[in-house]
Amino acid sequence: MRRHLILSLLLFWIVCGLGNSPLPAQPPASDLESLEERAFKQAAALMNPSIVRIETVGGQDRVGKLITGTGPTSGVVVSRDGLIISSAFNFIGKPSSILVTLPDGRRFPAVVVATDHLRMLTLLKIEADNLPIPTAVPEKDLQVGMWSIALGRTFELDQPSISVGIVSALERIWGKAIQTDAKISPINYGGPLVDIQGRLMGILVPLSPGATGETAGVEWYDSGIGFAIPMTDVLKVIPRLNTGKDLHPGLLGITLSGKGDLSTEMNLDRVRYGSPAQEAGLKAGDTLIKLNDKPVALHSEVKSVLMSLYAGDTVSLTVTREGAKEPLTFKATLTEKLVPFESGFLGILPVREAQNQTTPGVGVRYVIPDSAAQKAGVKAKDQILEFNQQKVTSAEMLAFLVNHLRPEDQASLLISRDEKPVKLDVKLQKTPDAVPAEIPTQAIPSRTAQENKTQKIKAGHYKEKLPGSDSSYWAYVPENYHPDYEYGLMVWIHPPGNTMESTIFNEWKSICEQRGIIIVGPTAEDVIRWNRDETEFVEAVVKSMQQRYDIDPTRIFLLSHADGADFAFDLAFKYRELFRGVAVTEGSLKSRPPETDPDYPLSLYFALNAHNPLNQLLQPRLDLIREMNYPTVFQLIKNDQQPGEYPEKPFLEEIGRWADSLDRI
């Protein structure tokens, strides 16, 4: 409350005319609040001549899911000859022109010199001389609990906007930022955070501990949690930016076993193909013990080192390796981009065994035409016993071994055919971008409705609510459901405004019965739109179905139509471990997907009417998705249907075959 009072008094004083004028005579300060108020005013006045207003014109109206604004923002002079540092957020819309206004009213066109995509800073240049440079706070003087004053220059030239708080933490966002509870928002992004002496502590930017995109952290504005890049770090990076070359986060290409920032499991779970880590000589199974000669024992310590480095920076890693007597040290030069991983493809569909069946190896149900397996001589009813001299005991294990190799990699197979061992060599292929014209279904013994009822297994078409929730869903479980076999799960994500329950049930009932698939259709709380918070509800519905029925985790997929695609992709990319496919009709993918992950392969299917205007948007997006090595099928529908209509049965049957092959290896 006291701070708010001080701020109110301070703002009142500013409105009365702080500007660049000399400080007016002050009444005698007889108490602490008066002294603090005077100190804030003086700090703002000292920094005031170096704060500029930045206006942008033109550019993109939307970046990702964020609608960009065109209001003025802030920057700070960092050289007498016209270099200005600001937040990169202020330029994500790629404006066609930038204008900088100095506190004395002079306006200059500005050009972007370069952008730091790690710390989200942009360096600008204007043609001006003899500009005032602020004094930076030495790194050793930064302390938690000290006053922090966030300044910006937006609408008024003669006075900065001011918000007062304290430094609430240092080395936040993996060592990159000062945290303050002063109010930070788009109007002062790029502005200075100063101490009580008017010295520059850092540059205000939006940041997020978990996200790294251009708009990461914006959602926290005015929340009481704000960030500033320490000025000591800004000053170090300005010479690199002034060369005109953008700086990007450095990538190493490793993942650690264990989950969570506090995990102490330091084994390298995976070393990405073609990554700096692989080129340096690191291998999966190594145990990381030092980074840049500093011991590391937690995942968070690894992140703090690696996530503050740029592409081109070199890092040393010391590991222990099984069989090596002494620790090994490697040096790796970080890169801007990793080679997208592409899993190898063998080309078989495994036999789906009943729970009580225990046959050795993996049975082959179907060999996909022209696949690597067919070319190697694999046939239906073979039993794959070994892959690259490793015994395989389940389809999951075989898929893991194949998915971690790449197309063109060679592998050996030991199979059993007519109870005789046969060795085969195989060259893995790319996963095909087409659905086979025929995929035989695997017969599952039928149960009667009465048998399921006796065992209290709910089958048929029904509606329910999750326990403890007002949100509802509908489901269809084939009447002949047999609990000894795993079923696929189709999660229907309805488009905004229409659940389409009867359409989906009528069109998909026979396909799902034929291919052993259960349907579940969560309903948005407000059917007009999906709220992004409802991803957790959908996840809970899927997990509830997994508890009630025997669901094959490799055949859980999302199906959506038209604008429901947005929410379906949100789910797929948020819960990578849960979903194995996304099929979308008359819809598109609007944002860039995350990197592929061989541990959680995801297949995509798009069907679009040839006359749908979305075609122009989808085609370049498909090129991007395929460059990122997502197995992607695209079906262009050419018939008499109108764009936006739900596809006819033949197209749905193809999606059914695609879904039935999600457990392919």
Side-chain angles (χ1 to χ4, degrees), residues 44 47-57 59 63 66 68-79 82-95 97-103 107-126 128 131-134 136 148-157 159-163 173 176-180 182-194 200-208 214-218 220-222 226-231 233-235 237-238 241-242 246-247:
M47 180 56 61
N48 190 41
S50 300
I51 309 171
V52 303
R53 182 171 72 193
I54 298 172
E55 297 165 279
T56 58
V57 179
V63 176
L66 184 73
T68 60
T70 56
T73 56
S74 308
V76 177
V77 174
V78 289
S79 79
L83 288 177
I84 292 164
I85 197 76
S86 185
S87 165
F89 175 80
N90 297 334
F91 312 100
I92 59 171
K94 296 180 172 49
S97 64
I98 302 170
L99 291 173
V100 168
T101 305
L102 301 179
R107 302 181 82 193
F108 297 87
V111 295
V112 172
V113 179
T115 295
D116 177 344
H117 296 276
L118 175 63
R119 290 178 168 80
M120 300 311 292
L121 298 166
T122 290
L123 187 66
L124 303 177
K125 180 73 169 69
I126 63 172
L131 300 181
I133 305 173
S148 60
I149 306 167
L151 304 174
R153 186 177 301 288
T154 52
F155 298 104
E156 300 296 333
L157 273 182
Q159 56 195 26
S161 60
I162 302 178
S163 177
I173 316 293
K176 290 184 294 203
I178 303 165
Q179 180 177 303
T180 175
K183 298 290 182 63
I184 312 299
S185 70
I187 66 167
N188 58 17
Y189 287 161
L193 185 71
V194 304
L200 184 52
M201 303 168 75
I203 302 300
L204 302 168
V205 294
L207 287 176
S208 169
E214 293 177 298
T215 62
V218 175
W220 287 4
Y221 79 82
D222 278 352
F227 301 104
I229 303 299
M231 203 56 203
D233 291 339
V234 176
L235 294 174
V237 84
I238 283 176
L241 291 174
N242 203 22
D246 285 357
L247 299 176

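The first residue of the sequence shown is numbered 1, and numbering continues consecutively from there. In what follows, every heavy atom counts, from backbone to side chain, and hydrogens, waters and symmetry copies are set aside.
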Quick one: does [X]'s side chain have a donor or acceptor within less than 3.5 Å of a partner on [Y]'s backbone?
X      : Y      : value
Asn188 : Gly191 : no
Arg53  : Thr101 : no
Ser163 : Lys183 : yes
Ser161 : Gly152 : yes
Thr122 : Thr115 : no

Might you point out which heavy atoms bring [X] and [Y] nearest each other, and give the distance in Å?
X      : Y      : answer
Met120 : Val205 : O-CG1, 3.4 Å
Leu204 : Ser87  : O-CB, 3.7 Å
Ala150 : Ala182 : CB-CB, 4.1 Å
Ala128 : Phe108 : CB-CZ, 3.8 Å
Ser74  : Asn90  : O-ND2, 3.6 Å

With a 4.5 Å heavy-atom cut-off, do [X] and [Y] have their side chains touching?
X      : Y      : answer
Pro95  : Val57  : no
Arg153 : Val52  : no
Asn242 : Val113 : yes

Please lay out, stage by stage, how Arg119 and Leu247 fare under the test side-chain contact (heavy atoms from CB on, under 4.5 Å). CA-CA 9 Å; Arg119 290 178 168 80; Leu247 299 176; over 6 Å; no

Given side-chain contact (heavy atoms from CB on, under 4.5 Å), test Leu124 with Ile54 step by step and report yes or no. CA-CA 10 Å; Leu124 303 177; Ile54 298 172; 3.9 Å; yes

Go through it in stages, so that I can follow the logic: the residues are Leu123 and Val78, the test is side-chain contact (heavy atoms from CB on, under 4.5 Å), and I'd like the CA-CA distance, side-chain angles, deciding distance and then a yes or no. CA-CA 9 Å; Leu123 187 66; Val78 289; 4.2 Å; yes

Distance col, row Ile84:CD1 vs Leu131:CG, nearest 0.5 angstrom, shows 7.0 Å

side-chain contact (heavy atoms from CB on, under 4.5 Å) between Leu102 and Ile126, intermediate numbers included:
CA-CA 11 Å; Leu102 301 179; Ile126 63 172; 4.2 Å; yes

